[in-house]
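Convention: sequence-line order gives letters A, B, ...; per-chain numbering from 1.
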Protein chains: 2
Amino acid sequence: MKSTVTIKDVARELGIHHVTVSRALRDTGSVKEETKVLIKQKANELGYKPNRLAQNFRNKRSNVLAVVVPDLRPYFFAKFVSDFMETAKDAGYTVMIFQSGEKPGLEKDIIDSLIGYRVAGVVASVTKDTVQASHFEVLKEENIPYVFFDRAPKETLASQVLVNNFQGAYEAVTAMINSGKRRIAYISTHYKHQIFRDRLEGYKQALQDNDLPSDDELVVEGGFFMKDGFAHAERLMNLEEKPDGILAVRDEIGIGVIKFLKKKGIQVPNDVAVIGFDNDPMGIACEPELTTVQQSIPLMVASSFELLLVQINNGSLNFEKKIIEPKIIYRGSV
Amino acid sequence: MKSTVTIKDVARELGIHHVTVSRALRDTGSVKEETKVLIKQKANELGYKPNRLAQNFRNKRSNVLAVVVPDLRPYFFAKFVSDFMETAKDAGYTVMIFQSGEKPGLEKDIIDSLIGYRVAGVVASVTKDTVQASHFEVLKEENIPYVFFDRAPKETLASQVLVNNFQGAYEAVTAMINSGKRRIAYISTHYKHQIFRDRLEGYKQALQDNDLPSDDELVVEGGFFMKDGFAHAERLMNLEEKPDGILAVRDEIGIGVIKFLKKKGIQVPNDVAVIGFDNDPMGIACEPELTTVQQSIPLMVASSFELLLVQINNGSLNFEKKIIEPKIIYRGSV
DNA sequence: GTGAAAGCGCTAACAA
DNA sequence: TTGTTAGCGCTTTCAC
């Protein structure tokens, strides 16, 4: 049971001072090339692993980045986190992930604990009920930079990477109109959050620009999953005047819609067109394959990371807003 | 720009010793109830956040658990990690996640860095090419407990939570036989890893127990995604003697198979039955819905966590093997 | 019940 | 180029 090796152990073995070892291992200060080689060799031989806890503690800041998402399971977040981790790793950072479970209270606790870990920076997508940014302000006090992606609080002076949701919805609705649809519905999850409202606005604007009336009974909200899409579709198709196109705020909901329509023998896209958001691979599993509004995750990751790194390196917080333009992926449902 | 608050700040404000503050905040040792209340109040007022870096450093061990998975994106891993994080959080642990990208070399680097963070424990599912457990042994030297889940190295003396893959495949094949299928194929990802081999064995055994011949050309391997399932299905259906049932090693592959069959106008399950593994919600998106072999993730999480915690609390490593029995979720593809 | 002392492993700053 | 000193914030041990 060999106990943990420290720089002092390495130093003792070599009959030198542990500070020299520290310098050599980090390629800092000046150490004779010869001793440096010797040190690295010996460190390796003894199986020395730097104690990050001590390092980070001493440096008053860790090399850990925190990512806070509502839920890790949806493909969009899983993919973002996965890609972000790769990017961070390549830059020498380790990532801690936190799930707020869409609960603002939990989100606040997470932020508080993040401070305890003296993370180097935070990337967050807030819960759908997070309107205020107040619980993020403590990060500012601690001088910990943070960047919002995809979902940001309504008013915040932090950097953010957002998707042009208005445009995404606008184009999706326009695509359906272009393929001859005239009565288009919108299924949202809760409206509270800006991104869902932006989509709603884009939807309405597209109708208006095409001289199509907007009908409140075609705008429904609530839920997150296939079953919710299924239920909403049922309600919509029971309307006096049925829709001939449905925009779903998430692919999963869109798939639920398609499943309902098919069950009722309604043709997709001939009778009713469907478009979702997120480019979830699940959309390829369904039949017909779901047309979707894609938000480039690699681009969002790159931007988020960049905006964060600038702040970390400058040691100052700043405010920059980056808008990602969405793109419609045409498949079979429109 | 208020600088960080430490226990000394709290102590000074109250005119007491910082050690007393430390004790009060952790409810350790004996502190007069009255002062304790005062201390907590003041700490809260000043916005004191314990410096975890210092705490963990001083304690020589962090309250961080590491989870190492090949890839965070597949639903199985995303869900496991998500659930595991919840369980860990409730027990006061924070989680660091790492992706090995199915690369054993990277996996080794991850383990090494984990030691630097003095994590309290590690839960890992190894890459499909990890056969030896040698790079995990360093954890043993550092007395860091670890548990394998789902995929473990071939020979290891660490605790593990595995699924009875033999049984899962056996039952899946039996189910197809019971519904009248006689010529059943198996699409695997690589064979290297034990879990995929176990499934192969279960497949073969089921054939044998039903006096059905085993035909090598019905066993194919390679790939991970829908497109791979699609391609394999194409090859299988071009055979002289076509299969009437296909067992896919992953749901995504199974869905690819179904997509191919439907494209060719082959009826599922009437002409060909399909069963996958993982209970990926994606399987519900496809039509017909995919019958699948489910491995209870909540059970795996609970077991993994428990096996890990026992070791952490005992301060000793031990070896326990927990087998989770799979369950077939019947949907429409068989 | 509270305080004083010591030290975890590391690195910045200064000295030689 | 190398060594010495000091201290990060916290907790354990021992003394009062």
Side-chain angles (χ1 to χ4, degrees), chain A residues 2-40 42-43 46-64 113 115-120 142-143 315, chain B residues 2-40 42-43 46-64 113 115-120 142-143 315:
Chain A
K2 155 189 88 177
S3 87
T4 312
V5 183
T6 72
I7 46 172
K8 284 192 181 165
D9 295 323
V10 179
R12 196 180 321 109
E13 289 269 323
L14 258 30
I16 56 173
H17 198 96
H18 70 273
V19 170
T20 307
V21 175
S22 170
R23 282 195 272 252
L25 260 20
R26 287 175 301 131
D27 292 307
T28 312
S30 43
V31 180
K32 209 201 299 172
E33 194 53 37
E34 200 181 314
T35 22
K36 195 185 273 193
V37 172
L38 232 53
I39 289 170
K40 292 192 174 179
K42 179 60 80 179
L46 297 180
Y48 168 75
K49 308 251 167 31
N51 184 335
R52 303 283 174 209
L53 256 27
Q55 276 184 331
N56 292 336
F57 166 56
R58 165 63 227 228
N59 296 335
K60 289 165 178 291
R61 183 117 313 173
S62 77
N63 64 334
V64 173
S113 92
I115 293 172
Y117 287 104
R118 302 291 186 272
V119 294
E142 302 288 342
N143 210 36
Chain B
K2 157 189 88 179
S3 88
T4 313
V5 183
T6 74
I7 46 173
K8 284 192 181 165
D9 296 322
V10 178
R12 196 179 320 109
E13 290 267 324
L14 257 29
I16 56 173
H17 198 96
H18 70 273
V19 171
T20 308
V21 175
S22 170
R23 280 195 272 253
L25 260 20
R26 286 174 302 129
D27 293 307
T28 313
S30 44
V31 180
K32 210 201 296 172
E33 194 52 38
E34 200 181 313
T35 24
K36 194 183 276 191
V37 173
L38 234 53
I39 289 170
K40 292 194 174 177
K42 179 61 79 179
L46 297 180
Y48 169 74
K49 308 251 169 26
N51 184 333
R52 304 282 174 210
L53 256 28
Q55 276 184 331
N56 292 336
F57 166 55
R58 164 63 229 227
N59 295 336
K60 290 166 176 292
R61 183 116 313 174
S62 77
N63 64 333
V64 173
S113 90
I115 294 172
Y117 287 105
R118 302 292 187 270
V119 294
E142 303 287 342
N143 209 38

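The two residues A:Gly29 and A:Arg23 have their closest heavy-atom pair at CA-CD, 4.3 Å. The heavy-atom pair separating B:Arg118 from A:Pro50 by the smallest distance is NH1-O, 4.5 Å.
Listed by chain and number, the residues in a salt bridge (Lys or Arg N to Asp or Glu O under 4.0 Å) with B:Lys8 amount to none (sequence neighbours excluded). Listed by chain and number, the residues in a side chain to side chain contact (heavy atoms under 4.5 Å, CB included) with B:Val64 are A:Met96, A:Tyr117, B:Ser62, B:Thr94, B:Met96, B:Val119 (sequence neighbours excluded). Remark: A:Lys42 pairs with A:Val10, A:Glu13, A:Leu14, A:Glu45, A:Leu46 by the side chain to side chain contact (heavy atoms under 4.5 Å, CB included) rule, at least two apart or across chains. With sequence neighbours left out, the salt bridge (Lys or Arg N to Asp or Glu O under 4.0 Å) criterion links A:Lys60 to no other residue. Looking at residues two or more places apart in sequence or on another chain, you find a side chain to side chain contact (heavy atoms under 4.5 Å, CB included) between A:Glu34 and A:Lys32. Evaluation of the side chain to side chain donor-acceptor pair (under 3.5 Å) rule for A:Asn59 yields no partner, not counting sequence neighbours. When the side chain to side chain donor-acceptor pair (under 3.5 Å) test is applied to A:Thr35, no partner is found at least two apart in sequence or on another chain. Partners of B:Arg12 according to the salt bridge (Lys or Arg N to Asp or Glu O under 4.0 Å) rule, which considers only residues two or more places apart in sequence or in another chain, are B:Asp9.
Note that CZ of B:Arg52 is 12.5 Å distant from CG of A:Leu53, once rounded to the nearest 0.5 Å.
Contact annotation: the side chain of A:Asn56 never approaches that of A:Arg61 to less than 4.5 Å [non-hydrogen atoms, C-beta and beyond].
With a cutoff of under 4.0 Å to any heavy atom of chain B, the contacted region of DNA chain D is bounded 5' to 3' by D:dG9 to D:dT13.
With axes fitted over five pairs at each extremity, the angle between the ends of the helix from C:dG1-D:dC16 to C:dA16-D:dT1 is 40° (10° resolution).
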Checklist outcome for this item: Contact string for nucleotides 6-16 of chain C, one letter per nucleotide 5' to 3', B = base within protein heavy-atom range under 4.0 Å, S = sugar-phosphate only, - = neither, reads -BBBBBBB---

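Scanning residues 29-38 of chain B for heavy-atom distances under 4.0 Å to DNA chain D yields an empty list.
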